[in-house]
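Everything below concerns the one structure shown next.
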2 protein chains.
Amino acid sequence: MNKNTQAPEDFELESFLPYRLSLLSNTLSEGIAVAYRKPFDLSVTEWRVIAVLGRFPGLTASEIRLRTAMDKVAISRAVKRLQARGLVERSEHREDRRRAHLKLSASRGRNLFRRIVPRALEYENRLLSKLAPEDQHLLLRLVSKLQQAADSLKSPEG
Amino acid sequence: MNKNTQAPEDFELESFLPYRLSLLSNTLSEGIAVAYRKPFDLSVTEWRVIAVLGRFPGLTASEIRLRTAMDKVAISRAVKRLQARGLVERSEHREDRRRAHLKLSASRGRNLFRRIVPRALEYENRLLSKLAPEDQHLLLRLVSKLQQAADSLKSPEG
DNA sequence: TGATTTTAGTTACAAATGTAACTATAAGTA
DNA sequence: TACTTATAGTTACATTTGTAACTAAAATCA
């Protein structure tokens, strides 16, 4: 399935799937940065927090973590900064004072969200439009499959 | 091609391609780390330098950069550490004293290379073996296509 | 040839990220 | 209830990574 045989001397990094996906992911990352980092001064983590809260207002930090596989420290930092910028608000949790519900602020936060999402989607669309429609579906299906496969290898005896 | 419409409120990060590829790439990264980071104390960049020099002995740092899209500072640091550990050797460039040819040391360096490559390939194989053979080909083809697409969007008016 | 610009690679500093320890609260248990 | 353990989230520190400035050598050019 790629040029690599089992002979070490023939190993080609360029054909190695983890390397290629890492490259691709970095390229896309740079690409969408144009949608949020440059114009709105947001880090990747901050954008993800905004994206998740835009869709699911009132989540706690832990719930964001469950949804995004981001680190809890990273989330804490992102929320702190977003709050300081008046983009995110926190409110008390009724029966647990350790937690806090988070949501985009009605004006600045949600406004930002509404401006970023179309840009992000536009980038994704421009990208996918370079593939034939059937390839677009295939790609997403295979990415899902591969993610499953990779996850299963993490647990003992995948 | 995914669940995202143009309505911001419906945006689902989980369906957003750049996000999914970033997740996938991170999962694979952790996965192959078992092949080189834990057992041999190598960073991703260090492993890449070793991989490239294993295949193409005598490259200069700039040539490594051209082949791998890694940053020149990152390469410089990786080479420095690998050299200190006796894994990489440098030799003078005949007609340009700014450059240096790099290669794995005959014993320790090449030895390491020969031990890592099978582990890396084994991980890749285990991963790909979870996909049907025709899906394996498809995946690699689509990754290539998408990389091309992403690259073309970087230059003015892709 | 001498002056200027480019290139290879390194060093120094700043910013981002990861890891561990910590605080506060809640839950479990005896 | 008192005591122990677990959880949510933060803070502090170490490590990694990125950016800019720098050094040395080579190439260009007048």
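By convention in this document, chain letters (A, B, ...) are assigned in the order of the sequence lines, proteins followed by strands, and residues within each chain are numbered from 1.
- Among residues at least two apart or in separate chains, salt bridge (Lys or Arg N to Asp or Glu O under 4.0 Å) pairs with a member in residues 37-66 of chain A are A:Asp41-A:Arg81, A:Glu46-A:Arg81, A:Arg55-B:Glu12.
- Residue A:Met70 contributes atom CE, which lies 17 Å from atom C1' of D:dT10 at whole-angstrom precision.
- Backbone-only engagement by B:Arg90 is indicated by non-hydrogen atom pairs under 4.0 Å involving sugar-phosphate atoms exclusively.
- Formation of a donor-acceptor pair under 3.5 Å by the A:Thr68 side chain with backbone atoms of A:Ile64 is found in this model.
- Side-chain nitrogen and oxygen atoms of B:Lys80 include none within less than 4.0 Å of the OP1 or OP2 phosphate oxygen of C:dG9.
- In this view, A:Arg110 and B:Glu9 satisfy the salt bridge (charged side-chain N to carboxylate O under 4.0 Å, His left out) rule, not counting sequence neighbours.
- With rounding to the nearest 0.5 angstrom, the CG atom of B:Asn26 is 12.0 Å from the CE atom of A:Met70.
- Other residues, nucleotides and ligands contribute only 12 or fewer heavy atoms inside 6.0 Å of the NZ atom of B:Lys103.
- Near DNA chain C, meaning a heavy atom under 4.0 Å from it, residues 49-63 of chain B has B:Thr60, B:Ala61, B:Ser62 in order of number.
- Taking the six-membered ring where tryptophan is involved, the planes of B:Trp47 and A:Phe16 are perpendicular, since the angle between them exceeds 60° and thus also 30°.
- Under the 6.0 Å distance and 45° angle rule, A:Arg67 counts as a cation-pi partner of A:Phe56.
- As rounded to whole Å, 12 Å separates atom C1' of C:dA8 from atom CG of B:Leu66.
- Rounded to whole Å, atom P of C:dT19 lies 9 Å from atom CD of B:Glu30.
- The CD-P distance, from B:Glu92 to C:dG9, rounds to 13 Å in whole Å.
- No hydrogens or angles considered: nothing links the side chains of B:Ser62 and B:Lys72 as a donor-acceptor pair under 3.5 Å.
- Look at CZ on A:Arg94: it is 18 Å from C1' on C:dT25, rounded to the nearest Å.
- Listed by chain and number, the residues in a salt bridge (charged side-chain N to carboxylate O under 4.0 Å, His left out) with A:Arg99 are A:Asp96 (sequence neighbours excluded).
- The nearest whole Å value for the distance from the NE2 atom in A:His93 to the C1' atom in C:dA26 is 11 Å.
- In terms of phosphate contacts, A:Ser76 brings no side-chain nitrogen or oxygen within less than 4.0 Å of OP1 or OP2 of D:dG9.
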Please write out each protein N/O paired with an N/O of nucleotides 25-28 of chain D under 3.5 Å, distance rounded to 0.1 Å.
{"from": "D:dA25", "atom 1": "N3", "to": "B:Arg98", "atom 2": "NH1", "distance (Å)": "3.4"}
{"from": "D:dA26", "atom 1": "OP1", "to": "B:Arg97", "atom 2": "N", "distance (Å)": "2.9"}

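- Whole-Å rounding puts the A:Arg65 CZ to D:dT10 C1' distance at 14 Å.
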Shorter than 3.5 Å, N or O on both sides, protein versus nucleotides 17-20 of chain D: list them out with atom names.
{"from": "D:dG18", "atom 1": "N7", "to": "B:Arg77", "atom 2": "NH2", "distance (Å)": "2.7"}
{"from": "D:dG18", "atom 1": "O6", "to": "B:Arg77", "atom 2": "NH1", "distance (Å)": "3.0"}

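- Residue B:His101 is tested with B:Glu92, B:Arg94, B:His93 for a side chain to side chain donor-acceptor pair (under 3.5 Å); the sole match is B:His93.
- Dense packing is recorded around CZ of A:Arg141, with more than 12 heavy atoms of other residues, nucleotides or ligands lying under 6.0 Å away.
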